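Only a predicted model underlies this, so the values are computations on that prediction, with no experimental measurement involved. Numbering of ligands and ligand atoms starts at 1, following listing order.
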Amino acid sequence: MFTREVKGKVDSIISKYGKDQSVIISILQEVQKEYRYLPQDVLEYISQVMDISSAKIYGIATFYEYFSLEPKGKYIIKICDGTACHVRKSIPILEALKKELSLTEGKTTTDDLLFTVETVSCLGACGLAPVLTINEKVYGSMTPESTLEVLNELRGECKSEN
Ligand code: FES
């Protein structure tokens, strides 16, 4: 929802970079960092304020893999399914996570917006296969069991934060 608070946040991001169209990617990056995705009403507001067509903004938002138009979880789990990880059984890890989090091919984020699960082609750490990352942290030599343990630790951390 485009609340006054959201508007204030977006205004401060725009005033940091200015309204020149050349800075649109930096602005979208900050919005994505703030909300973990690009909310539609925010994109429309930016389009008006910066006088850039929404078609152009959506074009940028869909071109770069970094941007998402869908809400993502607090923890983004990327499971490598490159050759080295696939051979060392990355798929059973993915299946265990999907089952535990009730996710499917078309539903990659949990309803409580805690976890998003994605696959990637190679995380560049093949020696540690199978590998996954959770936000910026790399986890190597994982199994379905050790992955679910990490998941439970993260759930515990969230509970203690609340
Ligand atoms: S194949 Fe998984 S890290 Fe390279």
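For NZ of Lys107, the number of neighbouring non-hydrogen atoms (other residues, nucleotides, ligands) closer than 6.0 Å is greater than 12. Atom CD of Gln21 has more than 12 neighbouring heavy atoms from other residues, nucleotides or ligands inside a 6.0 Å radius.
Residue Ile77 holds its CD1 atom at 6.0 Å from CG of Leu101, rounded to the nearest 0.5 Å.
Heavy-atom proximity to Gly124, at under 4.0 Å, picks out these atoms of ligand 1: 3 (S). Counting atoms of ligand 1 from 1 in the listed order, those under 4.0 Å from a heavy atom of Leu123 are 3 (S). Ligand-side atoms of ligand 1 in range of Ala84: 1 (S), range being under 4.0 angstrom from any heavy atom.
Taking 2.8 Å as the threshold, Cys122 counts as a candidate ligand of atom 4 (Fe) of ligand 1, since one of its N, O or S atoms lies below it. Among the atoms of Cys126, an N, O or S atom falls under 2.8 Å of atom 4 (Fe) of ligand 1.
Here Cys80 has side-chain heavy atoms under 4.0 Å from ligand 1, and that is the only part of it that gets that close.
In this model, a donor atom of one side chain and an acceptor atom of the other lie less than 3.5 Å apart for Ser146 and Thr143.
At a threshold of 4.0 Å, the pair Arg36-Glu70 does not count as salt-bridged, since none of the basic side-chain nitrogens sits closer than that to a carboxylate oxygen.
Of all heavy-atom pairs between Ile60 and Phe67, the closest is O-CD1, 3.9 Å.
No heavy atom of Ala129 sits closer than 4.0 Å to any atom of ligand 1.
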